[in-house]
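FYI, the numbering just counts along the sequence from 1. On a predicted model such as this, the values are computed, not experimentally measured, just so you know.
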Amino acid sequence: MGDFDVVVVGAGFAGLYALHHLRQRGHSIRCFEAASGVGGTWYWNRYPGARVDVESHEYSYSFSEELQQEWVWSEKYAAQAELLRYLNHVTDRFDLRRDIQFDTRITAAHYDEATGRWRLTTSRGETVLATYCVMATGFLSAPNKPPFKGLEKFTGRQFLTGQWPQEKVDFTGRRVGVIGTGSSAIQSIPVIAEEAAQLTVFQRTPAFSIPARNGPLDPVQDRKIKARYRELREMEHELAPGGFLLTLGEIETPTQKSFAKSTPEQRRAEFERRYRSGGLNLYLAYTDLLVNQEANDDLADFVRDKIRERVKDPVVAEKLVPRGWPILTKRLCADTNYYETYNRDNVTLVDIKNTPIEEFTATGLRVGGVDYPLDDVVFATGFDAMTGALDRIDIRGRGGKRLKEYWEAGPRTFLGFMTAGFPNLFYIDGPSSLGAVFQPVLLSQFQVNWLGDCFDWLRAEGRGPIEPTVEAEDAWIRLCAEIADATLFPQANSWYMGANIPGKPRVILTYLGGFPDYRRRFLEAAADGYFGFMVG
Ligand code: N01
């Protein structure tokens, strides 16, 4: 039976850093990973066109200046294969592989009050003991495949974007259906369309997407950014609402300007400039886009017009134009030729908003009495976000309390990091943290560093276990809801609100108070004798 100070669950960006950092601080540690390799999101999401939508210089580790100086990204937005190469490089460079057990899923984690330790069970039937459990299980890692009627009859191939096969999938000459039009679909549709004989896209809700404007990284620009890397990282933490700020390849201080205080001409010019820069830059145009309905409507109209310009057939264009929810309250998508793909002869858009998919048949699927013959179906239907991966593990705390039951009305955490009654169990990029709205790589480094300090303190003081108080947890949940209610987020049926999964409680699943405020709360808690926590 394995016995460790720390068990880390998951070997994606967050888990790898947790393993590295906590091992360096002298803890015996083992990381368990369900996949056969490292990478998490970037291991599983191998669908055609998968790439990051935050610039690679920013969507990468900052903990090692040598690492960030030596690694050379080939494109502005790294593709999945390059990100996986990077994570394998990090794994080997820091000698992490020897402490990772692959092809092993943690199926249960039970807290033993008598010993104050966690007993974990693996999919291989092993039992492992640990003092601390660090759940780096990802917030978009439990794929959602809706239970469409008749699916078992379908004889064609089925693919899930979030669980894509290891080997290349060839769509040449095939009739392919894609269900969903979120980020994953928007990246994969243009690539699949180039290969398939016929592509039919089944769209329930159109997304807002803007051109990524991806391309090879200019070595001069690479040198310029690297010369100021430390400063860039500081600004990402201190000033950038989402933890990213590169604009037109330049390090630009994020705006403090509000839409309300600008003229129509200034707004148009700013939106145009950001649109030209590509990627998620529009988030940064004004500070009040997510709280001021007029500002939001203006930006939405701007993007709607851009969509219309990109699609030749006005009827198809109108189907692709999002309506009825504020822009940016669902993740903005960044695409390469997404809308232009609908100008191809071999691509058809089927609106299933009012006429949902009736059922699958042996040879395809049926919508509104019309049969669509398909050889392959791609489910780009998203994830049971934030809570899904944790819910799938049988986690029991004090008195056998089940985490899944305790979270029936929505996740209960303090700082999106711990739950009362579950001592020494930590979530990295967890529910009600900033994971969904702040760069998760940076957030995970901050949380893991804090954890390292916390473990040192517990060790030095001979204290432990640690868990939050119910009062601190209640206050955190209230605060998350209050901040969300002051924004436009609750208006959208997004995964941020748990609204993409039927039956899931509709509550905000992320903290919208910004990173500086979030960090302050963590640091103040630690400085004040772990205020909000109970320490044994
Ligand atoms: O998932 P989604 P995703 N019948 O939930 C539809 C990150 N990400 O995998 O909106 C028919 O956005 C659903 O329709 P609706 C990023 O944070 C990042 O694309 O519920 N349709 C929607 O169109 C992103 O936000 C990157 O009406 C159904 C789609 O499926 C997050 O992951 C790339 C349905 C799901 O869209 C999730 O993105 C990819 C049903 N029963 C992902 N159920 C980058 O970094 C669902 N849908 C670029």
Side-chain angles (χ1 to χ4, degrees), residues 8-10 14-15 18 109 111 118 132-142 383-399 401-438 440 443-444 446-451 454 465-485 489 495-498 501 504-515 517-526 530-535:
V8 175
V9 185
Y111 184 66
W118 285 89
Y132 303 112
C133 255
V134 178
M135 308 306 270
T137 41
F139 57 92
L140 291 162
S141 54
F383 298 87
D384 184 354
M386 308 303 292
T387 51
L390 291 165
D391 276 353
R392 288 169 200 203
I393 302 172
D394 173 17
I395 301 175
R396 299 186 204 179
R398 285 188 194 283
K401 174 164 145 181
R402 287 172 190 261
L403 189 73
K404 195 173 171 185
E405 283 172 13
Y406 190 52
W407 284 9
E408 231 161 36
R412 294 183 53 85
T413 71
F414 176 45
L415 296 169
F417 194 58
M418 291 195 86
T419 298
F422 296 81
N424 290 352
L425 179 85
F426 308 89
Y427 322 116
I428 307 299
D429 294 331
S432 317
S433 75
L434 275 102
V437 289
F438 187 74
L443 179 66
S444 60
F446 167 74
Q447 289 181 323
V448 168
N449 292 345
W450 188 91
L451 207 48
C454 172
I466 183 167
E467 68 184 285
T469 63
V470 174
E471 294 72 33
E473 194 176 272
D474 281 340
W476 183 251
I477 297 166
R478 255 197 324 275
L479 181 66
C480 288
E482 278 165 16
I483 296 177
D485 286 344
F489 273 92
W495 59 260
Y496 297 127
M497 297 297 303
I501 302 291
K504 195 165 170 171
R506 192 186 177 101
V507 294
I508 187 73
L509 294 174
T510 184
Y511 178 65
L512 297 169
F515 180 75
D517 177 74
Y518 185 73
R519 179 182 50 190
R520 180 184 58 75
R521 289 170 187 278
F522 262 90
L523 298 180
E524 282 179 7
Y530 289 86
F531 180 77
F533 294 92
M534 289 190 298
V535 187

A.B. asks: Would you check, one step at a time, whether the test side chain to side chain contact (heavy atoms under 4.5 Å, CB included) holds for M418 with L425?
C.D. replies: CA-CA 6 Å; M418 291 195 86; L425 179 85; 5.5 Å; no

A.B. asks: So, the side chain of W118 versus the backbone of G397: is there a donor-acceptor pair under 3.5 Å, distance only?
C.D. replies: no

A.B. asks: Once you round to the nearest 0.5 Å, how far does OG1 of T137 lie from CE of M386?
C.D. replies: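 If we round to the nearest 0.5 Å, T137:OG1 and M386:CE are 10.0 Å apart.
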
A.B. asks: Among F422, W450, Y511, which one satisfies ring pair (Phe, Tyr, Trp, His ring centres under 6.0 Å) with F417?
C.D. replies: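 Only one option passes, and that is W450.
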
A.B. asks: Do P431 and W407 have side chains that approach each other closer than 4.5 Å (heavy atoms only, starting at C-beta)?
C.D. replies: yes

A.B. asks: Answer whether the closest heavy-atom distance between the side chains of I477 and S432 falls below 4.5 Å.
C.D. replies: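 No - every pair of side-chain heavy atoms lies 4.5 Å or more apart.
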
A.B. asks: Once side-chain contact (heavy atoms from CB on, under 4.5 Å) is applied, do any residues pair with A385, and if so which ones, sequence neighbours excluded?
C.D. replies: L140, W495

A.B. asks: Can you tell me how far the CD atom of E405 sits from the CD1 atom of I395, to the nearest 0.5 Å?
C.D. replies: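 With rounding to 0.5 Å, CD (E405) is 13.0 Å from CD1 (I395).
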
A.B. asks: Quick one: pull up OG1 in T387 and CD1 in I501 and give me the separation to the nearest 0.5 Å.
C.D. replies: 8.5 Å

A.B. asks: Minimum heavy-atom separation for F414 and P468, please, with both atom names.
C.D. replies: CB-CB, 3.6 Å

A.B. asks: Less than 4.5 Å apart, any side-chain heavy atom of I466 and any of F426?
C.D. replies: yes

A.B. asks: Roughly how far, to the nearest 0.5 Å, is OG1 of T413 from CG of L509?
C.D. replies: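 If I round to the nearest 0.5 Å, the distance is 10.0 Å.
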
A.B. asks: About how many Å separate CZ of F531 and OG1 of T469, when rounded to the nearest 0.5 Å?
C.D. replies: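 If I round to the nearest 0.5 Å, the distance is 8.0 Å.
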
A.B. asks: Any side-chain heavy atom of P423 within less than 4.5 Å of one from R398?
C.D. replies: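 Of all side-chain heavy-atom pairs linking R398 with P423, at least one is under 4.5 Å.
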
A.B. asks: Which salt bridge (charged side-chain N to carboxylate O under 4.0 Å, His left out) pairs, counting each pair once, include a residue from residues 411-427, with sequence neighbours left out?
C.D. replies: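 Those involving residues 411-427 are R412-E473, R412-D474.
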
A.B. asks: Where do R521 and L415 come nearest, in terms of heavy atoms and distance?
C.D. replies: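 Heavy-atom minimum between the residues: CB-CD2, 3.9 Å.
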
A.B. asks: Do T419 and Y427 meet the criterion of a side-chain donor-acceptor pair at a distance under 3.5 Å?
C.D. replies: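 Distance-only check passes for T419 and Y427.
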
A.B. asks: Check the pair D485 / I483 against side chain to side chain contact (heavy atoms under 4.5 Å, CB included), numbers first and verdict last.
C.D. replies: CA-CA 5 Å; D485 286 344; I483 296 177; over 6 Å; no

A.B. asks: Does the side chain of Y111 pick up a donor-acceptor pair with the side chain of N424 at under 3.5 Å?
C.D. replies: no

A.B. asks: Does the plane of the ring in Y518 sit parallel, tilted or perpendicular to the ring in F515? Use 30° and 60° as the thresholds.
C.D. replies: tilted

A.B. asks: Drop me the distance from L451's CG to S444's OG, to the nearest 0.5 angstrom.
C.D. replies: 11.5 Å

A.B. asks: Locate the shortest heavy-atom distance separating C454 from Y530; write the atom from each residue and the value.
C.D. replies: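 That would be CA-OH, 3.2 Å.
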
A.B. asks: Looking only at heavy atoms, what is the nearest atom pair of A14 and I428, with distance?
C.D. replies: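 Answer, listing the atom of A14 first, then I428: CB-CG2, 3.6 Å.
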
A.B. asks: Are I393 and M135 packed together at the side-chain level, in the sense that at least one heavy-atom pair is separated by less than 4.5 angstrom?
C.D. replies: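 I393 reaches M135 side chain to side chain.
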
A.B. asks: Compare every heavy atom of A525 with every heavy atom of F533, then report the nearest pair and how far apart it is.
C.D. replies: CE1-CB, 4.2 Å

A.B. asks: For S433, does its backbone N or O pair with a side-chain atom of T510 as donor and acceptor, under 3.5 Å?
C.D. replies: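 Pair found, side chain donor or acceptor close to backbone of S433.
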
A.B. asks: State, with a plain yes or no, whether a side-chain heavy atom of R402 is found less than 4.5 Å away from one of D394.
C.D. replies: yes

A.B. asks: Looking at A18 and V134, what are the two nearest heavy atoms and their distance?
C.D. replies: CB-CG1, 4.3 Å

